[in-house]
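Counting begins at 1 with the first residue of the sequence.
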Amino acid sequence: MTDAGTLPFNIKATRAFKKFLPLFDRVLVERFAPETKTKGGIMIPEKALSKVLDAKVVAVGPGAKNEKGDLVPPSITVGDRVLLPEYGGTKVEIDDNEYFLFRDGDILGKWES
C-alpha cells in the first residue's frame, strides 16, 4: 500500500480481490464450471466430469526479479482466459469461492479474445 492508501500501479486486481493480492509472479485464477450436459441434452454424472483446464485470471502479482534485479512483469493480465496444466496450483478459498494460485510460467497459454 502507498501513503494514500491506494494499490501500487504494478499490482492489478479486480475489486473483489483487494483483500488478497498474489506476490511476485503468482496469478490467481478462477476455473470455469464443467459442462454438466452434452450438446444432445444428456446429463453427465458428477463422477464422469473431467477437470476444467480453462480459467479466468482474477488477480496478478507485480512480477518476479531477474538475475540483474530488474522486475519482469507477468505475461498475462486480469481478465485473460488462460489454459492451465492438469495438475498443480494452490487451492485458495476466498468468500466461499474456490480459486487457484499458479506461477506465471506454469500457465500453458492464453486464449485470444
Q: Go through the steps to decide whether Arg103 and Arg26 satisfy the test side chain to side chain contact (heavy atoms under 4.5 Å, CB included), and finish with yes or no.
A: CA-CA 4 Å; Arg103 286 186 178 271; Arg26 303 288 196 303; 3.2 Å; yes

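Across every non-hydrogen atom of Thr77 and Val60, the tightest pair is C-CG2, 4.0 Å. For the residue pair Pro22 and Pro62, the shortest heavy atom distance occurs at O-CD, 3.8 Å. For Arg31 against Ala55, the heavy-atom pair with the smallest separation is CA-CB, 3.9 Å. In terms of heavy atoms, Val78 sits closest to Val58 at CG1-O, 3.9 Å.
A 4.5 Å side-chain heavy-atom check between Leu83 and Asp54 finds at least one atom pair inside the cut-off. Using a 4.5 Å cut-off on side-chain heavy atoms (C-beta onward), Leu28 and Ile94 make contact.
Within the model, atoms OH of Tyr87 and CG of Leu53 stand 10.0 Å from one another, a figure rounded to the nearest 0.5 Å. Put simply, CG on Asp80 and NZ on Lys110 are 4.5 Å apart, with the number rounded to the nearest 0.5 Å. Between the CD atom in Glu30 and the CD atom in Glu98 there is a gap of 9.5 Å [rounded to 0.5 Å]. Separation of atoms CG (Leu84) and CZ (Phe32) is listed at 9.5 Å; rounding is to 0.5 Å.
For residues 63-76, the set of pairs meeting the side chain to side chain donor-acceptor pair (under 3.5 Å) definition, not counting sequence neighbours, comprises Ser75-Asp104.
Under a hydrophobic-cluster definition in which Ile, Leu, Val, Met, Phe, Trp and Tyr are linked whenever side-chain heavy atoms come within less than 4.5 Å, directly or via other members, Trp111 and Leu108 are assigned to the same cluster.
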